K.L.:
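Handing you this structure, nothing more for now.
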Amino acid sequence: MPSPRYWREIPTRLRLEAGRCLDCQKVVYPARKICPGCGGARFEATRLSREGKVITSTVVHIAPSEFQMEAPYAIAIVETPEGARLMVQVVDCEPNDVGPGMAVALEFRRIRKEGKSGILCYGHKAVPVR
Amino acid sequence: MRDVAIVAAGMTQFGELWELSLRDLFVEAALEALRNARVDHLDAIYVGNMSGGQFVGQEHVGPLMADHLGMRGVPTTRVESACASGGVALRSAFFEVASGMSDLVLAAGVEKMNDGADVTNVLATAADQETEVYHGITFPGLYAMIARAHMQAHGTTLEDLAAVSVKNHRHGAMNPKAQFRQEVTMEQVMASSLVADPLRLLHCSPVSDGAAAVLLCPLSRAREFTDRPVKIRASGFATGSMALADRPDPAFLDAVSLASGRAYEMAHLGPAQIDVAEVHDCFAIAEICVLEALCFTERGRGAQAARTGETTLGGRLPVNTSGGLKSKGHPVGATGVAQVIEIFEQLRGEAGDRQVKDAAVGLAQNMGGSGASSVVHIFERV
């Protein structure tokens, strides 16, 4: 990944910055110019809570080249208390135990490493709340 | 708008075609269509191609194909909508003829996937790079999440998923163009290796090379080229949320529903009038969700169709008589046009062992990504 592209996504990926639509109150993550709910264009910045619950998930066995060392791994769509949904890996647990309704915390983790000389890419992963 | 007909078709074998290049595939399919119609000139060409750039390092596909077909000078447009590229190419060709702008237009699709490219990564470019692919999701992974959501909401089972693969392989075993001309059993499907839980290898369409082409002209001129033209009754197209996380119900394909609603309205027909359908079964769960979005079954009831035989040849509404993407193969840019060729042959009574008796109206549904784009066409024997 070119470094400007990585840098551009830092507020979204590392700080979980989102937009709250001032017309319909929908929290949109990542932030957009136009609200996908009501078409409104006025937003205030907000941040997602670092918690949520699993909506649906899978366990990836055949992984993309950069993730082959980690397979099999669980990946899920998680909904935060603000109603925003994001796709994240679910770690620190048996991948097959991940399922709908599971409560998770979102933790700051390394997501991928791009070869020997590429940049280390960070973001969030989910871990089950016990 | 003028009425438009398909008058000829051409298609390569689908499979791992190591001896054929991207251009070879296109020329073989296109030439067959032109020869079947005894046509030596074209007004325009549309070529569906998802990713020549990433699969074989070739962009600017339009002029390359026209040049090698001996059609230098003819306006040629490459159309991209991921795995729906072929269907959208047909839609573009349909509009060009319907508008009165052109009379003879070729709609084709081509993909060369087996040439050393990292196919998993190339296909993943049809998902959202920033929010999905970054975290390690694959295409089977996205459909696996759709499958689990469907299982959770509607009680769909692993047997239901396997039944779709078994049915489509049964059909594909009768298709000489299919990549996998063999039947599979429920046990084989359910014991095949896991790709993305709950999807196993035999729930997934293969990596394929292939091309398909159809020739369009105004219905008023169709008899110059064939005695059995097939009329394009309708074309519906829609987009939906790119990221799976943004869909209110991950188990429902909104874009397919919208596209088919538009097609039914344009055709003044409903799902009950369809005799045969080709749908986008890139993964077994996709066929289940598509049947619901097309209103062939009630929402949440798509899983029963394959298991009860409703969608098998001889059933109430045969679906994917070609073998579908699963058995016939899925050269992504060509798929949408290949689906149309199966319907074209069914409506002309040329489908051989796969023939649906008295088929008069057919539907083809093609989609891109995890369902963020979908195109639906309805055809009628004339």
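Values below: all heavy atoms of this structure, side chains included; hydrogens, waters and symmetry mates excluded. Here the structure is a predicted model, which means the values were calculated and not measured. To find a chain, count down the sequence lines: A is the first, B the second, and so on, and within it residues start at 1.
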K.L.:
Counting only heavy atoms from other residues, nucleotides and ligands, does the tally under 6.0 Å from CD of B/E298 exceed 12?
P.N.:
no
K.L.:
Is chain B contacted by the side chain of A/V54, its backbone, both, or neither, given a heavy-atom distance below 4.5 Å?
P.N.:
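Neither part.
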K.L.:
Non-hydrogen atoms of chain A under 4.5 Å away: do they reach the side chain of B/E130, the backbone, both or neither?
P.N.:
both
K.L.:
Is the backbone of B/A144 close enough, under 3.5 Å, to the side chain of A/T58 for a donor and an acceptor to pair up by distance?
P.N.:
no
K.L.:
I'd like to know whether CZ of A/R15 has more than 12 heavy-atom contacts from other residues, nucleotides or ligands below 6.0 angstrom.
P.N.:
yes
K.L.:
Given the options A/S65, A/A63, A/G99, which has more heavy-atom pairs under 4.5 Å with chain B than any of the others?
P.N.:
A/S65
K.L.:
So which of A/E79, A/R5, A/K125 has the biggest tally of heavy-atom pairs under 4.5 Å with chain B?
P.N.:
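Greatest number of close heavy-atom pairs with chain B: A/R5.
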K.L.:
Would you say that B/Q152 contacts A/T56 through its side chain, given a criterion of any heavy-atom pair below 4.5 Å between the two side chains?
P.N.:
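When only atoms from C-beta onward are counted, A/T56 and B/Q152 do not touch, as no gap falls below 4.5 Å.
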K.L.:
Is it the backbone or the side chain of B/A149 that comes under 4.5 Å from a heavy atom of chain A, or both, or neither?
P.N.:
both
K.L.:
Looking only at heavy atoms, what is the nearest atom pair of B/L194 and A/I62, with distance?
P.N.:
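Heavy atoms of B/L194 and A/I62 come nearest at O-CG1, 4.0 Å.
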K.L.:
At a heavy-atom separation under 4.5 Å, does B/R200 approach chain A through its side chain, its backbone, both, or neither?
P.N.:
neither
K.L.:
Do you know which two heavy atoms are closest between B/P248 and A/R85, and how far apart they sit?
P.N.:
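For B/P248 versus A/R85, the nearest heavy atoms are O-NH1, 3.5 Å.
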K.L.:
Non-hydrogen atoms of chain A under 4.5 Å away: do they reach the side chain of B/L244, the backbone, both or neither?
P.N.:
both
K.L.:
Would you mind telling me which of B/A196, B/G136, B/G141 has the largest number of heavy-atom pairs within less than 4.5 Å of chain A?
P.N.:
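Option with the top pair count is B/G136.
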K.L.:
Sort A/A76 into side chain, backbone, both or neither according to what part of it lies under 4.5 angstrom from a heavy atom of chain B.
P.N.:
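The answer is the backbone of A/A76.
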K.L.:
Non-hydrogen atoms of chain B under 4.5 Å away: do they reach the side chain of A/I111, the backbone, both or neither?
P.N.:
side chain
K.L.:
Using heavy-atom distances under 4.5 Å, tell me whether B/D246 contacts chain A through its side chain, its backbone, both, or neither.
P.N.:
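Contact with chain A is through the side chain of B/D246 alone.
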K.L.:
Cut-off 3.5 Å, side chains only: do A/S57 and B/R148 have a donor facing an acceptor?
P.N.:
yes
K.L.:
For the candidates A/Q89, A/R13, A/R112, which exhibits the highest count of non-hydrogen atom pairs separated by less than 4.5 Å from chain B?
P.N.:
A/R13
K.L.:
Please determine, among B/L199, B/V195, B/D118, the option with the most heavy-atom pairs under 4.5 Å with chain A.
P.N.:
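That would be B/V195.
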K.L.:
Check whether any side-chain heavy atom of A/M87 lies under 4.5 Å from a side-chain heavy atom of B/M145, and answer yes or no.
P.N.:
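Yes. Closest side-chain heavy atoms under 4.5 Å.
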K.L.:
Quick check: closest heavy atoms across A/Y6 and B/Y134, and the distance to 0.1 Å?
P.N.:
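Result for this residue pair: CE1-OH, 3.3 Å.
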K.L.:
Among A/E9, A/H61, A/E70, which has the most heavy-atom pairs under 4.5 Å with chain B?
P.N.:
A/H61
K.L.:
Would you name the heavy atoms of A/F67 and B/V133 that are closest together and state the gap between them?
P.N.:
CE1-O, 4.3 Å
K.L.:
Please give me the minimum heavy-atom distance between A/P64 and B/N121, naming the atom from each residue.
P.N.:
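What the structure gives for the nearest pair is CB-OD1, 3.3 Å.
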